[in-house]
Amino acid sequence: MDCQLTMSRDLEGIDVKVILEKTGDLLDKGAPEGAGARIEKQSVSGDKIFLTITSGRYVRPHDAVYRLKNFLSTHLGKEYHVGVRGIHALRYEIELELDKEPKKTFTLPFVKEMTFSGKSCRMVLENLDEEFLQNNYVDRIVTLVSEKIEAQHYEGKAEHWELMWASPEKKHAWDKDPTVEMERKNWIMHRGRGQWIYGPMATRIVKTFESIVLEELVKPLEFSEMIFPKCETWDIWKKSGHAKSIYGEIYYLCQPKTRDKEYWEDVIDTYKITGEVPLHLIKDKIKEPIGGVTYAQCPAFWPYVDGKTLADESLPLKVFDRSGTSMRYESGGIHGIERVDEFHRIELVWSGYPEQVREVRSKIIERYKHIFNDILDLEWRMAWVTPWFMAQEGLIGVKDETEKRDIGTIDFESYLPYRGTRKESEWLEFQNASNNGDKYTKGFNVKSQKGSELWSGCTGIGMERWLATFTAQKGLDIEKWPKEFLKRFGEVPQEIKFL
Ligand code: SER
Ligand code: ZN
């Protein structure tokens, strides 16, 4: 690294070289003998000291320069009343030995030159300020190179998937795509991309599901209802890990630059004249996004307990939210109700000591078995998969603890007859249940009264996914629906007729 230290005054008459010879083992601390950082070159000009520092993997040059800064401040300060004003790296060259050869080359922000040769990587960075050097951006860049190469080797590999349990095969009412048939009957209506209006009949089905969840799961397990915000701001996604990955799927939320009516007058007038909303004008009048519409639903709960210590008497903490939709930008063409941009989900969150978290999840799984087997009579299965929080952070393939069957996610999947045979077709993930370990309690700095480890779990119940499953297996003919479901369904709602 070539860097320059700007001093508080001209250094004429001060022999910096002699002073720097007195650093002793300053640049070796923390490294094996002889493997620390070294000053290769030095020179002084006016109020500046120029240094070329090299090192192996131990004391990085950007650490070394701060050790030197303190050293110089002490020595020059006492004798000559000179201080270090600033540090600036002119050029930073890094050579890395990689574990794996990259499959394709890539570039990185801040890195001016990046070349790979076999398992070596050479990077050149220029003009780095103190923020860059002091906040360890260099180390992050080095880590990121390995992570990206690791990800390249996993690309295309499937998520972890391991069957846990499967219901018996069932006889299904039909093998049609329920979305198409429900649209024909006006049970649902598509509104632009991935958003649907649910007519009275589809709504009644979904509300019946909801009442089943309340009666058969939420009440017996004593979860309390809460209302989580549906705008997730960047601070939440930084702590939840979503900020590492989800940018291509966010429905971004932007505030106007001002409420001032005059500011918006040209937009208003243009609309009144043309009848078209002038998006090109609006674009410049809104602020940068504050975050996006809720994505995973539970992260928005965590600020409630952020930095707090939970009392033992409140553990295991058990809450749920059903106060609004989540949104994800799904690419590709129009999908059925099983894959939507705006979806309705009931999300249960629990937290406690590890044993409590495990116990709540097993109770939840028992309740789900009861609901799917005895009430909805579904053909379904459970599988161990990559934890949802790792998948959503883009960490698929990174070693997870799934094989221990403790921390991690169970996916609930249903067979959709219209998609083909049981063996060959893709089953639908209609909900999940996870033990999230200390991922969220750590991320949001939540402590337990005993001071010992605190874990959490969550389960998201997707209403559209339940609807897709139920109608794909049971059809749209009420006569053929399971009795236990019909008991809870009530009167058939009045249809809205069109002429
Ligand atoms: N938060 C979890 C997820 O997004 C469960 O809903 O998958
Ligand atoms: Zn969740």
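Along the sequence shown, the residues carry numbers beginning at 1. Keep in mind the model is a prediction, meaning the values are calculated, not measured. For ligands, and for the atoms within them, numbers begin at 1 and follow the listed sequence.
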Open item on the list: Ring-plane angle category for Trp237 and His242, please: parallel below 30°, perpendicular beyond 60°, tilted otherwise.
Closed with: tilted

Open item on the list: Using 30° and 60° as the class boundaries, would you call the ring planes of Phe372 and Phe430 parallel, tilted or perpendicular?
Closed with: perpendicular

How far is [atom] from its nearest protein heavy atom, and which residue and atom is that?
atom	result
atom 1 (N) of ligand 1	Ala296 O, 2.9 Å
atom 4 (O) of ligand 1	Gln392 NE2, 3.1 Å
atom 7 (O) of ligand 1	Asn432 ND2, 3.1 Å

Can you find a non-hydrogen atom of [X] under 4.0 Å from ligand 1?
X	result
Glu347	yes
His242	no
Arg345	yes

Task: Heteroatom distance test (Cys298, ligand 1): nitrogen or oxygen, under 3.5 angstrom - done: no

TODO: Answer with side chain, backbone, both or neither: which part of Glu429 has a heavy atom less than 4.0 angstrom from an atom of ligand 1?
DONE: neither

- [ ] Taking atom NZ of Lys112 as the centre, report whether more than 12 heavy atoms of other residues, nucleotides or ligands fall under 6.0 Å from it.
- [x] no

Task: Main-chain N/O of Asp406 paired with Arg358 side-chain donor or acceptor, under 3.5 Å - done: no

Open item on the list: Taking the basic N atoms (NZ, or NE/NH1/NH2) and the acidic carboxylate oxygens, is any pair closer than 4.0 Å for Lys439 and Glu393?
Closed with: yes

Task: Tyr137 vs Tyr92, ring pair (Phe, Tyr, Trp, His ring centres under 6.0 Å): CA-CA, chis, key distance, verdict - done: CA-CA 12 Å; Tyr137 289 4; Tyr92 201 136; over 10 Å; no

Task: Side-chain H-bond candidate by donor/acceptor type, Ser351 with Tyr440, under 3.5 Å - done: no

TODO: Tell me which N, O or S atom of Glu347 sits nearest to the Zn ion (ligand 2).
DONE: OE2

Task: Per-atom contacts of ligand 1 with Arg328, taking only distances under 4.0 Å to non-hydrogen atoms - done: 4 (O)

Task: Where ligand 1 meets Gly460 - atom numbers and elements under 4.0 angstrom, heavy-atom basis - done: 5 (C), 6 (O)

- [ ] Using the ring of Tyr263 (Phe, Tyr or Trp, six-membered ring only), decide whether Lys257 places NZ or CZ under 6.0 Å from its centre and within 45 degrees of its axis.
- [x] no

